[in-house]
Amino acid sequence: MGTVSSETRSPHTVALVGLPNSGKSTLFNALTGLRQRTANYPGVTIEPLIGHFQRDGRAIVVVDLPGIYSLSPKTEDERLAIEFLHGRLPGGPSPERLIVVIDATQLERGLTLVSWLARLHLPTALVITMIDELKARGGILDTEEIERRLGIPVFTVVGRKGLGVEELRHSLLRWEPWGIPLLDISPDASIEERYEWARELSYRVLHLPRPDIRSERIDRVVLHPVAGLLIFGLVMLVFFQTIFTVAQPAMGAIENAIGWLQGLIEAWLPEGIVRNFISRGLLNGVGAVLVFLPQIMLLYFLMTILEDSGYFARAAFLVDRLLGTFGLQGRSFIPILGGFACAIPALLSTRVIPSWQERLATMLIIPLMTCSARLPVYTVLIAATIPPVSLGGMLSLQALVMMGLYLLGAATGLIVAWLLRHTLLRGAKAPFVVEFPPYRLPTWRNVLGHTWSSGRQFLHTAGTVILVLSLVLWILTEIPPVEPPPETPPLEAQRLQLEGSLAGQLGHLLQPVFAPLGFDWKITIALLGSFAAREVFVSFMGQLYAVDREASGDTLREALAQAIPLPVAVSVLIFYVYALQCISTMAVLRQESGSWRWPLLAFGYTFALAYGMSFTAYHLLQWLLY
Amino acid sequence: MPSLSTAQEIPLSQIPLYHPVVVSRYSGDHSFIERFRELGLTHGTQLIVCRRAPLGGSIEVECRGARLGLRLQEAAMIYVRCAHTQNGNGKL
């Protein structure tokens, strides 16, 4: 054993490479202990994740790259991985070594990837995963023979159980010399020659396993023309039902907690700017961010279970026909589904869509899916203005309206996708191919880990923007301070402050623009406030009607019921179905599309839709009702 | 069901279920074809169409121990021949 110096040496960088779905991410988790998504769905790792581990002053940085098939990229995430492997990723370190992860049940294809990677001339180790699955199906793998033939170390791991990981970690920490793979084929060999080479090698080292009968049996039901569609419908029903029924109490609890804190602050602190800032600025802002956390985390919790189990690959195969008619594809399904919680993680997850045109079309319609930020707007306005009658004794009109709003957004989204794919975004660069992984039981570690990281991602990306804009909004309502005439009741003073503030002035200024939709100046201000994030509408209406609320002792709902007639409420609701009023979404769209053109287009078309549809709905209802 | 002779090249999209076939040539966009080959659908590879998507539009293909879902219009870029040397009636 060599002596280890006490000084910390500069860390070594190792890249984890493999085919999509080879078990890379599970290995990455096991190696570094970092929480990260590992999905049983091809191409789900959307950006290189960096983790590290260290011992005795030696640090190893591990980079988990998106899955690749060769060194010629077809998709954005493949391009990213390959640029990194060549050391050409701006700001990224160059990999010193490669860990190539191969699924033992997919040896031939994995070895073909090794033959491509050999061109990089980097010290390499093979890690064989799913060896337990191979053995269970009667397969035998001679890893020593692979070592001999390729001249590189081979490790076998069961990442889900952590078996074999320690040996790999040791080898890295001791920085044992690894070989550069030696292949008896030309570096310029064709794909066919590489597959031939891999086939010969795997013939020598692998006793073939029996076919995966269990997955085939499940698929016979899950992909059955009748049973398959029923199961899909059922899964979606349970999915959405869980998101809404389970998240509601948590959202209510967060709202109550914020309200309780506000009450505490207002009771303890003397009246003035500090109290006002903490209670109305800060706590409202924090509440606006936190309230969506339960739904977003729940959505990703369920989505990770569906992905890791292998069902999502089947679902993509199933719905491809449907989405295909609108110019999208099976893989657009997951991001669109994600859009029902929050557009930000959904936009990021579109990187799994290989063709740029299909990906962009998907990104541009995601804002039309009813995200959780619209839910409080819908809830408050529907509860306040739609009569609580039941239709046929079963369905309540309010629930029906709510469902209609969700459907309106989704249906319009599909039509817009079709239009985009037949005008601006024609064609495709890569075929639609779904790889069916075997069905596997999701592990709690992966599911909870990913749920947590998606929550963190939301807080980080959207939360910061929402909080800052909430504070800006609060400032806009506080300046300039309006000095009320002597002996004005506090209520009247607040109303004057609000009307005279910059926000009030802006609302009045833009009022003529929104007047044709039936909006009054308060709605216009709340609408502008929504650009921080849509749910600000509610906290803003709360602030704007705080005056009325304190006057009559009514809740916000009752205040709105009195102030907003039905046609106006419907007009506002439809405006919220369509309008892209979320600056964080636009920022992410800019980042993902590489130009401001697309977020501006998204903003423009959604605004036009919102304005046109609200205008129509308002005047139609006015004519019908009065 | 069309009868498959070894000489005939037929688009993969038109192959009946469970007929072993061999990839013989491609026709279509270069990057599409390269991806098919990278996935293991190389020239001379044996494959079987083992399922049609419940809503249609796609097929599931077994090749090199993996299962892939392909769209019919894209599977039409891959031309195959019957894998049997004698006649094309061999069912699995």
Side-chain angles (χ1 to χ4, degrees), chain A residues 19 68-70 72 74-75 103 105-109 112-113 116 190-196 198-199 202 208-209 211-212 215-216 219-220 222-229 232 313-314 316-322 324-325 329-330 354-355 427-438, chain B residues 11-13 16-18 20 22-81 83 91-92:
Chain A
L19 293 169
I68 53 173
Y69 295 97
S70 68
S72 54
K74 306 284 180 295
T75 70
D103 176 346
T105 65
Q106 298 283 314
L107 191 68
E108 209 175 297
R109 305 169 76 217
T112 305
L113 178 62
W116 290 109
S190 69
I191 300 173
E192 279 75 13
E193 286 166 325
R194 287 170 197 277
Y195 260 107
E196 199 45 48
R199 192 184 185 82
S202 68
L208 275 174
D212 182 9
S215 289
E216 173 55 28
D219 272 343
R220 266 180 214 162
V222 165
L223 293 175
H224 185 273
V226 179
L229 291 176
F232 178 75
R314 275 80 180 177
F317 182 65
L318 213 120
V319 296
D320 180 62
R321 179 70 180 270
L322 193 70
T325 47
Q329 56 135 296
S355 125
K429 284 267 153 40
F432 171 72
V433 179
V434 198
E435 285 181 64
F436 295 107
Chain B
L12 181 58
S13 53
L17 292 182
Y18 307 120
V22 168
V23 177
S24 66
R25 72 178 169 92
Y26 311 91
S27 145
D29 187 88
H30 170 75
S31 75
F32 277 54
I33 287 161
E34 192 175 80
R35 174 46 42 94
F36 287 137
R37 289 163 66 218
E38 285 167 359
L39 281 160
L41 297 162
T42 53
H43 190 271
T45 307
Q46 180 166 332
L47 45 91
I48 290 172
V49 178
C50 53
R51 187 174 278 112
R52 296 183 191 288
L55 293 172
S58 305
I59 49 172
E60 186 182 326
V61 167
E62 195 185 301
C63 143
R64 295 183 196 272
R67 294 193 160 220
L68 308 170
L70 307 176
R71 276 184 180 170
L72 282 177
Q73 66 206 66
E74 286 157 4
M77 296 176 175
I78 303 168
Y79 283 78
V80 295
R81 278 201 177 101
K91 278 204 169 187
L92 279 190

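Quantities reported herein were computed from a predicted structural model and do not represent experimental measurements.
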Between [options], the one whose heavy-atom pairs under 4.5 Å with chain A are most numerous:
options: B/Arg67, B/Glu62, B/Arg35; answer: B/Arg35
options: B/Met77, B/Glu74, B/Arg51; answer: B/Arg51
options: B/Leu72, B/Leu70, B/Leu39; answer: B/Leu39

(Q) For A/Lys74 and B/Phe32: C-alpha separation, side-chain torsions, deciding distance, then whether side chain to side chain contact (heavy atoms under 4.5 Å, CB included) applies. (A) CA-CA 9 Å; A/Lys74 306 284 180 295; B/Phe32 277 54; over 6 Å; no
Check each atom of [X] against the heavy atoms of chain B and say whether the ones under 4.5 Å are side chain, backbone, both or neither.
X: A/Leu229; result: side chain
X: A/Glu196; result: neither
X: A/Ser215; result: neither
X: A/Arg194; result: neither

For a quick test of reading the model, state the closest non-hydrogen atom pair linking [X] to [Y] and the distance between them.
X: A/Ser70; Y: A/Leu113; result: N-CD1, 4.0 Å
X: B/Cys50; Y: B/Tyr18; result: O-OH, 3.6 Å
X: A/Gly324; Y: B/Arg71; result: CA-NH2, 4.0 Å

**Q.** Distance, nearest 0.5 Å, that separates OG of A/Ser202 from CZ of A/Arg109
**A.** 12.5 Å
Q.
For the CZ atom of B/Arg25 and the CZ atom of B/Arg81, what is their distance to the nearest 0.5 Å?
A. 9.0 Å
Q | Atom group of B/Glu60 that falls short of 4.5 Å from chain A, counting heavy atoms | A | both
**Q.** Side chain / backbone / both / neither for B/Ile59 at chain A, heavy atoms under 4.5 Å
**A.** backbone
Q.
I'd like to verify something: which residue of A/Asp219, A/Val226, A/Asp103, A/Leu19 has the highest number of heavy-atom pairs under 4.5 Å with chain B?
A. A/Asp219
Q. When you check the side-chain N and O atoms of B/Arg64 and B/Thr42, is any donor under 3.5 Å from an acceptor?
A. yes
